[in-house]
Each structure stands twice: as C-alpha cells, then as structure tokens.
Amino acid sequence: MQLLYVFGQNSGELGFKNSDKAISPIQTKTFFLNKNNNIKFIVKGGYHSLIVLEDKNCDIIYGAGSNLNQQLGLDNDTNEYTEIKRFTNLQKRIKFINCGYNHTFIVTEDFKCYGLGINFLDYNQFKEIDCLDVEIIKRIKQVICGGNHTALILQNGELYVHGDNLYLELDKDTGGTVIEEFVKSKFDKPIVDIAFGANHCLMITNLGEVYGSGNNSFYHQLGIENDECNVTFEKLRME
C-alpha cells in the first residue's frame with residue numbers, strides 16, 4: 001500500500017483541514033490509496049494540488065485546495081482529496097499534467113489537451129482545447145506551467161506558449177497582454193528545458209546556454225545586472 005506524506009503551507013491543498021501548515025511530514029488521509037492503484041503523478045499549483053492514480057480502465061484525478069478559478073474541475077474548494085469525476089467520465093489516460101498558480105493543463109495519451117482555470121475559462125469542465133494541431137500535440141515532450149501561463153516543449157526543441165505575457169516572459173511582441181491561443185515562440189534556438197516563476201522564465205538550449213525573460217525588477221531573479229521589468233530572451237553570463 002502506498003502512503004502519502006505532505007508538509008508546508010496549507011490552505012486545503014495538502015488534503016487536510018484545521019491547520020494552516022505542516023512543519024514536518026505528516027500522513028494524509030487518502031482513502032483512495034487503499035485501492036492498490038499506483039500513483040502516476042503528483043502536481044501542485046499555487047493553492048491546489050492533484051494526484052493522478054492509474055485505475056484499471058482509466059486514470060483518476062483527485063484534487064484538493066482552492067477552486068476559485070475552477071482549476072480543480074470541481075464545483076467548490078475542498079480540503080480533502082476529492083475525485084474529479086468530470087475527468088473520470090472521459091475515460092482517459094494522462095500523458096502530461098502540470099499546474100500553474102491558478103490553472104491546470106492536461107495532455108492525454110490520445111493526444112487531447114484540457115485546460116482549467118485562469119486563461120482557460122472557456123474550456124473549464126474539461127472541454128477539449130481545439131487551438132493545437134494534433135501533430136503538434138504528438139510531439140510534446142514537456143509541459144511547464146508558471147504563474148498564469150503555460151509552455152509546451154516539442155521533441156525538436158520548439159516552444160509553444162499561452163497565457164499572461166505582462167512582462168514579456170513568453171513573447172517579445174505582445175507584452176502587457178494575454179496570449180489567448182497557443183502560439184509558436186519567436187525564440188529561435190532549440191530548448192531542452194524551461195522553468196517558470198510567477199512573472200519570469202529561464203530556458204536552457206541544446207548548447208547548454210541559459211536565457212531569461214520577464215520581470216527582473218524585484219530580486220534580480222533572472223541573474224542579470226539591470227533591474228528592468230521587461231526582459232526578453234537575454235543570454236545569461238555563467239561565470
């Protein structure tokens with residue numbers, strides 16, 4: 001039998017109530033783990049978390065925490081892990097899943113995409129996202145979520161982006177706006193990995209170079225000397 005231990009800040013996303021934090025690992029009351037189903041994914045957003053189990057016929061998602069922007073796919077917030085039956089009813093297997101601060105993004109093994117929460121309000125309740133060609137979905141290698149934005153790295157290193165671009169963290173030509181449909185990034189080097197903060201990102205190319213984009217004005221989080229708000233695809237000096 002698998003056991004789940006959690007710790008840290010808690011607004012319900014750790015799967016228990018009556019406490020705002022767990023200062024050391026504690027075992028959660030996850031009755032569904034007694035079914036001998038394997039845990040496939042555990043992902044966490046700003047104030048919500050999701051556990052994906054492999055069941056006999058499909059994957060099952062259990063969610064806990066904030067549902068303020070419908071990022072859980074439930075009707076309300078919950079401080080106990082609750083089966084998200086709207087996804088179970090689809091009878092799908094999950095290939096990729098990740099959470100941003102206020103959203104969730106899922107790619108299934110039959111090459112369908114689902115988004116929940118901020119910037120995906122038109123697709124909540126597990127409506128399929130139809131702005132990505134199936135040939136692009138087949139080539140997805142990694143799904144990364146940030147504050148209120150999402151990136152897809154393809155097998156050839158191409159990058160597709162969606163969501164908030166207030167500080168040019170995604171694209172140099174649409175700053176201060178929301179990229180409402182996935183678009184191919186104008187960054188012209190193959191990417192092997194990317195990490196998002198709330199309003200900035202760091203990318204590693206196939207040559208081992210590191211580039212940064214977004215807001216650098218708070219704590220110099222991009223690792224560059226200036227304190228600009230809007231930095232786009234600037235190469236970092238690694239000394």
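Please read all numbers here as calculations on a predicted model, not as lab measurements. Heavy-atom basis, side chains included; hydrogens, waters and symmetry copies ignored. Along the sequence shown, residues carry numbers from 1.
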Polar side-chain atom of Ser66 near backbone of Tyr47 as donor-acceptor pair, under 3.5 Å: no
Closest approach of Cys145 to Gly100 (non-hydrogen atoms, all atoms of both residues): CB-N, 3.4 Å
Donor-acceptor pair, side chain of Asn67 and main chain of Leu72, under 3.5 angstrom: yes
Step-by-step side-chain contact (heavy atoms from CB on, under 4.5 Å) determination, Ile26 to Phe16: CA-CA 10 Å; Ile26 63 172; Phe16 63 87; 3.5 Å; yes
Phe7 side chain near Pro25 side chain, heavy-atom distance below 4.5 Å: yes
Among Asn199, Asn119, Thr177, side chain to side chain donor-acceptor pair (under 3.5 Å) partner for Asp164: Asn119
Short side-chain donor-acceptor distance under 3.5 Å, Glu83 and Thr88: yes
Under 3.5 Å donor-acceptor, Asp55 side chain and Asn57 backbone: no
Atom pair OG1/CD of Thr104 and Gln71 - distance to nearest 0.5 Å: 6.5 Å
Candidate pair Ile106 and Ile61, rule side-chain contact (heavy atoms from CB on, under 4.5 Å), full reasoning: CA-CA 11 Å; Ile106 299 169; Ile61 305 176; 3.9 Å; yes
Linked, directly or transitively: Ile194 and Leu154 (ILVMFWY side chains, under 4.5 Å): no
Residue list, side chain to side chain donor-acceptor pair (under 3.5 Å) with Asp77, at least two apart or on another chain: none
Summary of salt bridge (Lys or Arg N to Asp or Glu O under 4.0 Å) pairs that have at least one residue in residues 215-224, sequence neighbours excluded: none
Closest approach of Leu50 to Cys99 (non-hydrogen atoms, all atoms of both residues): CD1-SG, 3.7 Å
Listed partners of Lys85 passing side chain to side chain donor-acceptor pair (under 3.5 Å), at least two apart: none
Shortest non-hydrogen separation from Gly146 to Phe196 and the atoms involved: CA-CB, 3.4 Å
Hphob cluster co-occupancy, Ile84 + Leu68, side-chain heavy atoms under 4.5 angstrom: no
Side chain to side chain donor-acceptor pair (under 3.5 Å) partners for Asp130, two or more places apart: Tyr123
Note, Glu54 side chain near Asn37 side chain (heavy atom, < 4.5 Å): no
Heavy atoms of other groups near Ile23 CD1, more than 12 under 6.0 Å: no
His103 and its side chain to side chain donor-acceptor pair (under 3.5 Å) partner, picked from Asn69, Asn98, Thr150: Thr150
Identified side-chain contact (heavy atoms from CB on, under 4.5 Å) counterpart of Phe41 within the set Leu53, Ile97, Ile51: Ile97
side-chain contact (heavy atoms from CB on, under 4.5 Å) assessment of Val107 paired with Ile94: CA-CA 6 Å; Val107 180; Ile94 295 176; over 6 Å; no
Within residues 6-16 or reaching into it, pairs that qualify as side chain to side chain donor-acceptor pair (under 3.5 Å) - sequence neighbours excluded: none
Non-hydrogen atoms of Ile204 and Val210 that approach each other most closely: CG1-CG2, 4.3 Å
Sequence-distant partners of Glu180, salt bridge (charged side-chain N to carboxylate O under 4.0 Å, His left out), two or more places apart: none
4.5 Å side-chain heavy-atom contact, Leu236 and Leu202: yes
Note, Leu152 side chain near Leu132 side chain (heavy atom, < 4.5 Å): yes
Tyr160 atom OH, over 12 foreign heavy atoms within 6.0 Å: yes
Set of salt bridge (charged side-chain N to carboxylate O under 4.0 Å, His left out) partners for Lys127, sequence neighbours left out: none
Contacts of type side chain to side chain donor-acceptor pair (under 3.5 Å), residue Thr82, not counting sequence neighbours: Thr78
For Asp75, all residues meeting salt bridge (charged side-chain N to carboxylate O under 4.0 Å, His left out), sequence neighbours excluded: Arg86
Parallel, tilted or perpendicular: rings of Tyr211 and Phe187 (30°, 60°): perpendicular
For a quick test of your reading: what N or O donor-acceptor pairs under 3.5 Å do the side chains of residues 109-116 make, sequence neighbours left out?
from: Asp110; atom 1: OD1; to: Thr108; atom 2: OG1; distance (Å): 2.4
from: Asp110; atom 1: OD2; to: Lys92; atom 2: NZ; distance (Å): 2.5

side-chain contact (heavy atoms from CB on, under 4.5 Å) assessment of Ile60 paired with Val52: CA-CA 6 Å; Ile60 300 176; Val52 180; over 6 Å; no
Atom pair CD1/CZ of Ile129 and Phe182 - distance to nearest 0.5 Å: 5.5 Å
Selection residues 72-101 - residue pairs positive for ring pair (Phe, Tyr, Trp, His ring centres under 6.0 Å), sequence neighbours left out: Phe87-Phe126
Flag, side chain of Thr205 to backbone of Ile191, donor-acceptor distance under 3.5 Å: no
Check: Phe105 ring centroid to His162 ring centroid under 6.0 Å: no
Gap between atom NZ of Lys40 and atom NZ of Lys95 - 0.5 Å precision: 10.5 Å
pair Glu209-Met203: side-chain heavy atoms closer than 4.5 Å: no
Please tabulate, for side-chain N and O atoms in residues 134-143, each donor-acceptor pair with protein atoms closer than 3.5 Å (sequence neighbours left out).
from: Arg139; atom 1: NE; to: Glu135; atom 2: O; distance (Å): 3.4
from: Gln142; atom 1: NE2; to: Asp193; atom 2: OD1; distance (Å): 3.1

Flag, side chain of Lys44 to backbone of Leu14, donor-acceptor distance under 3.5 Å: no
